[in-house]
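Have a look at the structure below before the remarks.
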Amino acid sequence: RAKSAGGNRAELADPEADARAITRHGLTTALPAALERGEFFIEYQPLVHLGDGSVRGAEALVRWLHPQHGVLGPDRFIPLAEDTGLIVPLGRWVLEQSVRQAREWRERYGEQTPAGPLRINVNLSPCQLSHPGLVQDTVEILERTGVAPDALCLEVTESALIGADDDLLKPLRRLAEMGVDIALDDFGTGYSNLANLRRLPVSILKLDRSFTQSMQQFPADPVDLKIVEGIVSLAHSLDLSVTVEGVETGAQAEQLRILGCDTAQGWYYARPGPPERVHHLALADATN
Ligand code: C2E
Ligand code: MG
Ligand code: MG
Ligand code: MG
């Protein structure tokens, strides 16, 4: 609007943009106190094995219970936390809470869940990846909680690792050597060179939701089917397992299972929710 009004004229105020900016600024300045006051909480979304339908673990997804604005999703505040560096202590908090939750599942239900002890997936932002304390913080949290490294999977987005040099990959390699799984999140959105996968210390590909969405129509677009089939066979030949996100219907789950995907996550199984829901679902399998 201001542009079409011509070069030298003052830009028209956009009240909506102002409101957004105030909120953004307000949210940013409120973040540190929010962490201290315990306004963040974590929801867990089950990860389901496509072959037998068993719950294998869950992804931890952070939320902010803001005193004025209610529950805010991570897309509203993670970018702000990244800009201010608060993502490092916030991410550490998420990691510790999630690993504690995994320990509780394993202590209380380890023997009862049919597919073995539940595992936990935690998202890492690029800032955490380049923070020198990552490996030590992770080791300390695992030691403090007594959780085995192979119960933990750290999710890093494909875009964070595109063009990553060895310095950035070193901490991930150390963690992978300890037995922590590294997953490449939102895979297929970052235009990364598939051959590049060999260089990365990842053991899981998380296929982006956009692929799952294209399985919604029946019959699905044959080109999309071929692409997913190709990614899955490449992943398997590199010994990577494939998780699909955003599964909303049984038809999608079936299609993705036929295409060879290993694990699924999505509203069809469960929305992100309180930790009790994950172990209820995991235990429910046992009786089916
Ligand atoms: P993500 O890691 O790709 O997580 C999956 C997102 O898809 C979650 O959104 C989840 O609620 C949503 N989702 C799951 N199943 C379905 C489905 O069937 N349909 C649809 N439409 N959506 C589904 P959410 O919770 O809003 O998280 C968004 C992103 O925020 C995450 O994407 C992740 O990148 C980031 N995030 C979440 N928690 C953390 C955290 O603790 N640290 C960092 N650094 N990032 C986080
Ligand atoms: Mg994720
Ligand atoms: Mg994802
Ligand atoms: Mg995603």
Side-chain angles (χ1 to χ4, degrees), residues 31 34-35 39-48 50 55 57-65 70-102 119-131 134 137-138 141 152-161 172 181-190 202 204-216 242-253 255-256 261 263-275 277-278 281:
L31 275 167
L35 185 56
E39 291 172 5
F40 295 99
F41 66 101
I42 299 171
E43 288 191 319
Y44 298 87
Q45 187 176 35
L47 290 154
V48 178
L50 275 166
V55 175
E59 179 174 8
L61 296 159
V62 68
R63 280 90 178 84
W64 179 3
L65 180 55
V71 176
L72 302 179
D75 294 334
R76 291 289 303 278
F77 61 85
I78 291 285
L80 309 179
E82 285 174 337
D83 287 348
T84 56
L86 196 84
I87 189 66
V88 171
L90 175 61
R92 203 187 292 128
W93 179 84
V94 171
L95 183 62
E96 173 134 20
Q97 293 301 305
S98 308
V99 170
R100 283 187 188 286
Q101 184 56 59
R119 307 179 74 243
I120 187 75
N121 284 36
V122 180
N123 292 286
L124 278 192
S125 95
C127 314
Q128 290 173 274
L129 208 55
S130 50
H131 181 76
L134 175 67
D137 288 347
T138 308
I141 287 171
L152 175 65
C153 173
L154 296 173
E155 300 191 359
V156 183
T157 60
E158 182 189 17
S159 55
L161 290 188
L172 286 184
D181 270 315
I182 310 294
L184 207 50
D185 206 351
D186 298 343
F187 183 79
T189 58
V202 300
I204 297 167
L205 284 192
K206 286 193 84 170
L207 207 56
D208 190 65
R209 188 158 61 89
S210 51
F211 292 101
T212 312
Q213 275 172 331
S214 70
M215 306 285 141
Q216 203 128 23
V242 179
T243 298
V244 286
E245 44 182 42
V247 176
E248 295 180 355
T249 68
Q252 287 172 328
Q255 185 67 262
L256 291 158
C261 298
T263 309
Q265 177 180 0
W267 297 347
Y268 173 60
Y269 303 100
R271 298 213 176 207
R277 208 186 292 152
V278 175
L281 278 169

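No hydrogens, no waters, no symmetry mates; every other heavy atom, side chains included, goes into these values. As the structure lists them, so they are numbered: ligands from 1, and atoms in each ligand from 1.
For ligand 1, the atoms closer than 4.0 angstrom to any heavy atom of Gln45 are 14 (C), 15 (N). Close contacts of ligand 1 with Glu245, meaning ligand atoms under 4.0 Å from a residue heavy atom, involve 3 (O). Taking a cut-off of under 4.0 Å to the non-hydrogen atoms of Gly266, the atoms of ligand 1 that pass are 15 (N), 18 (O). Close approach of ligand 1 to Pro74 is summarised as follows: ligand atoms under 4.0 Å from at least one heavy atom of the residue are 24 (P), 25 (O), 26 (O), 27 (O), 28 (C), 30 (O), 36 (N), 37 (C). Close contacts between ligand 1 and Ser125 involve ligand atoms 44 (N) [criterion: under 4.0 Å to a heavy atom].
Here CD1 of Ile42 is found 11.5 Å from CD of Glu59. Values are rounded to the nearest 0.5 Å.
Residue Arg63 has at least one N or O atom closer than 3.5 Å to an N or O atom of ligand 1. The shortest N or O to N or O distance between Val62 and ligand 1 is under 3.5 Å. By the 3.5 Å distance cut-off applied to N or O atoms, Asn123 is counted among the residues near ligand 1.
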inquiry  = With side-chain contact (heavy atoms from CB on, under 4.5 Å) as the criterion, how do Leu256 and Met215 come out once you've worked through the C-alpha distance, each side chain's angles and the decisive distance to 0.1 Å?
reply    = CA-CA 8 Å; Leu256 291 158; Met215 306 285 141; 4.3 Å; yes
ask   = Can Leu161 and Leu172 be said to form a side-chain contact (heavy atoms from CB on, under 4.5 Å), step by step?
value = CA-CA 11 Å; Leu161 290 188; Leu172 286 184; 4.0 Å; yes
Stepwise side-chain contact (heavy atoms from CB on, under 4.5 Å) check, Glu82 with Ile87 = CA-CA 5 Å; Glu82 285 174 337; Ile87 189 66; 4.1 Å; yes
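Contact between Arg277 and Arg271 at its shortest, heavy atoms only, is NH1-O, 3.3 Å. Listed here is the closest heavy atom pair of Ala253 and Leu50: O-CD2, 3.7 Å.
Residue Leu61 touches ligand 1 through backbone and side chain together, judged by heavy-atom distances below 4.0 Å. Residue-level proximity to ligand 1 for Asp185 is carried by the side chain, the only part with a heavy atom below 4.0 angstrom. When heavy-atom distances to ligand 1 are checked against a 4.0 Å cut-off, Ile42 has no atom that comes that close, whether in backbone or side chain. Using a 4.0 Å cut-off between heavy atoms, Asp186 contacts ligand 1 through its side chain alone, with no backbone atom that close. Contacts between Lys206 and ligand 1, counted as non-hydrogen atom pairs separated by less than 4.0 Å, are absent for every part of the residue.
The ring pair (Phe, Tyr, Trp, His ring centres under 6.0 Å) search around Tyr269 returns none, not counting sequence neighbours.
Nearest N/O/S atom of Glu59 relative to the Mg ion (ligand 2): this is OE2. Asp185 has its closest N, O or S atom to the Mg ion (ligand 2) at the position named OD2. Summary: OE1 is the N/O/S atom of Glu155 found nearest to the Mg ion (ligand 2).
Ligand 1 lies nowhere less than 4.0 angstrom from a heavy atom belonging to Gln265. Using a non-hydrogen distance threshold of 4.0 Å, Gly73 does not register as a contact of ligand 1. Residue contacts with ligand 1: Pro272 is included, with a non-hydrogen atom under 4.0 Å away. Not a single heavy atom of Glu82 sits closer than 4.0 Å to an atom of ligand 1.
Leu95 pairs in a side-chain contact (heavy atoms from CB on, under 4.5 Å) with only one of the listed residues (Leu90, Leu134, Val122), which is Val122.
For the Mg ion (ligand 2), the N/O/S atoms of Asn121 include none lying under 2.8 Å.
Of the possible donor and acceptor atoms, one in the side chain of Gln252 sits under 3.5 Å from a partner among the backbone N and O of Thr212. Side-chain atoms of Glu245 do not come within 3.5 Å of backbone N or O of Lys206 as any donor-acceptor pair. Side-chain atoms of Gln128 come within 3.5 Å of backbone N or O of Ser125 as a donor-acceptor pair.
Applying the ring-ring contact (aromatic ring centres under 6.0 Å, His included) test to every pair with at least one member in residues 71-95, sequence neighbours left out, gives these pairs: Phe40-Phe77, Trp64-Phe77.
Electrostatic pairing of Arg92 and Glu96 does not count as a salt bridge here, judged by no charged N lying under 4.0 Å from a carboxylate O.
Nearest-residue assignment for atom 5 (C) of ligand 1 (options Glu59, Glu43, Glu155; heavy-atom criterion): Glu59.
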